[in-house]
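Notes follow once the structure below has been shown.
Whatever order the structure lists them in is the order used to number ligands and atoms, beginning at 1.
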Amino acid sequence: MVEILVIGCAGTGKSLLLKKLKNWNKTSTAKKNTAQPNGQIDLDGSIEEDPAAGLYERNVDVPATKPTIGINVCNVNLSKQPHDIVLKEIGGVMAPIWKSSYKGASKVIYFVDVSNSTQISASTSLLYEVVGSDDLRDIPILIVLNKIDRNCPIGLYEMKYLIGLDEILQQRDGISVVESSMKYETGVADIVQWISTKL
Ligand SMILES: Nc1nc2c(ncn2[C@@H]2O[C@H](COP(=O)(O)OP(=O)(O)OP(=O)(O)O)[C@@H](O)[C@H]2O)c(=O)[nH]1
Ligand SMILES: [Mg+2]
């Protein structure tokens with residue numbers, strides 16, 4: 001069994017990822033919905049391709065979630081994966097106990113809400129703790145910059161600067177970054193690919 005720890009401040013989108021991956025399958029349209037380098041989405045004709053036309057203006061309902069007070073565990077079935085994969089989300093309010101789960105983790109996914117400028121300093125200092133942890137020294141970490149569909153009071157480029165993303169990436173190997181919108185499933189295919197790599 002492979003355990004993937006999913007952590008990050010409250011409300012950043014962890015539970016929504018688990019919800020999406022629970023029903024993830026190869027035929028899903030969403031699997032083709034990958035963010036392009038220029039921020040466009042390659043989605044079979046159901047979305048405007050011109051960024052100027054407003055990529056995220058479709059009326060899409062976000063599935064309801066509740067704050068995770070404790071731990072939320074979800075088994076995921078990814079095609080061609082011989083391993084049982086378990087995603088273990090620990091709620092943002094449980095940040096003080098995240099550490100207790102580091103030892104059992106094969107990989108870590110760390111969520112940041114890039115639309116929440118008031119949370120960025122908490123998000124960043126917790127991220128530095130995660131990246132600097134001895135228990136996670138050889139463990140791959142994926143930083144998910146989520147909610148890119150929302151209007152950030154600070155732009156995404158500035159957010160990355162405030163988080164100190166370049167410094168974090170230089171600090172150690174095995175750190176990857178995905179920009180995502182759980183609402184529109186942008187980047188979810190990239191997350192699945194990262195999960196499946198080198199298990
Ligand atoms: N617009 C938008 N809303 C999102 C996105 N991801 C999550 N949300 C919404 O943000 C809210 C919080 O999402 P959750 O998935 O519950 O956040 P969480 O990280 O699990 O939070 P805790 O369990 O409290 O730690 C919910 O209303 C989600 O529907 C996103 O990419 N875009
Ligand atoms: Mg949650």
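For atom 17 (O) of ligand 1, the closest non-hydrogen atom of the protein is G13 N, 3.1 Å. Nearest protein heavy-atom neighbour of atom 19 (O) of ligand 1: K14 NZ, 2.7 Å. What sits closest to atom 7 (C) of ligand 1 on the protein, heavy atoms only, is L16 CD2, 3.4 Å. Scanning the protein for heavy atoms near atom 23 (O) of ligand 1, the closest one is T68 N, 2.7 Å. The shortest contact between atom 26 (C) of ligand 1 and any protein heavy atom is with T65 OG1, 3.3 Å. For atom 29 (O) of ligand 1, the closest non-hydrogen atom on the protein side is V62 CG1, 2.7 Å.
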Q: Would you sort out whether E179 and L156 count as a side-chain contact (heavy atoms from CB on, under 4.5 Å), showing the intermediate values?
A: CA-CA 10 Å; E179 294 172 17; L156 188 55; 3.5 Å; yes
Q | side-chain contact (heavy atoms from CB on, under 4.5 Å) assessment of I120 paired with V112 | A | CA-CA 8 Å; I120 207 69; V112 177; 3.9 Å; yes
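At a 3.5 angstrom cut-off on N or O pairs, M182 counts as close to ligand 1. Considering backbone and side-chain N/O atoms, G8 never comes within less than 3.5 Å of an N/O atom of ligand 1. Checking only distances, D149 does come within under 3.5 Å of ligand 1, N or O to N or O. By the 3.5 Å distance cut-off applied to N or O atoms, R150 is not counted among the residues near ligand 1. The shortest N/O to N/O separation between G11 and ligand 1 falls below 3.5 Å. Taking any N or O of N146, backbone or side chain, at least one lies under 3.5 Å from an N or O belonging to ligand 1. The distance criterion of under 3.5 Å between nitrogen or oxygen atoms is not met by A10 with respect to ligand 1. Of the polar atoms of G91, none of the N or O atoms is found under 3.5 Å from an N or O of ligand 1, judged by distance alone.
Under the 4.0 angstrom criterion for non-hydrogen atoms, M94 is not in contact with ligand 1.
Heavy-atom contacts of S181 reach the following atoms of ligand 1: 31 (O) (cutoff under 4.0 Å). Proximity to P67 (heavy-atom distance under 4.0 Å) selects the following atoms of ligand 1: 23 (O), 24 (O). Close contacts of ligand 1 with E89, meaning ligand atoms under 4.0 Å from a residue heavy atom, involve 20 (O), 23 (O).
Coordination check, S15 versus the Mg ion (ligand 2): passed, since an N/O/S atom of the residue sits under 2.8 Å. Residue contact annotation: T65 places no N/O/S atom under 2.8 Å from the Mg ion (ligand 2).
Using a 4.5 Å cut-off between side-chain heavy atoms of Ile, Leu, Val, Met, Phe, Trp and Tyr, with links allowed through other members, Y161 and Y110 fall into different hydrophobic clusters. When hydrophobic clusters are built by joining Ile, Leu, Val, Met, Phe, Trp and Tyr residues whose side-chain heavy atoms come closer than 4.5 Å, directly or via intermediates, I143 is not grouped with Y157.
Contacts of K147 with ligand 1, taken as heavy-atom pairs under 4.0 Å, involve both backbone and side chain. When heavy-atom distances to ligand 1 are checked against a 4.0 Å cut-off, T12 comes that close through both its backbone and its side chain. If you look at V93 next to ligand 1, there are no close heavy atoms at all, none under 4.0 Å.
Residues K183 and K20 approach most closely at O-NZ, 4.2 Å, considering heavy atoms. Between L136 and R172 the shortest heavy-atom distance is O-NH1, 2.8 Å. V192 and S196 get closest at one heavy-atom pair: O-OG, 2.8 Å. Y128 and Q171 get closest at one heavy-atom pair: CE2-OE1, 3.8 Å.
Across C9, S180, A64, S15, heavy-atom proximity to atom 20 (O) of ligand 1 is greatest for S15.
Taking a cutoff of 4.0 Å between a charged side-chain nitrogen and a carboxylate oxygen, K19 and E89 do not qualify as a salt bridge.
At least one donor-acceptor pair under 3.5 Å links the side chain of K14 to the backbone N or O of C9. N146 contributes no side-chain N or O that, together with a main-chain N or O of F111, makes up a donor-acceptor pair within less than 3.5 Å.
When the N, O or S atoms of E89 are ranked by distance to the Mg ion (ligand 2), OE2 comes first.
Checked against I109 for a side-chain contact (heavy atoms from CB on, under 4.5 Å), the options L5, V178, I191 give a single hit: I191.
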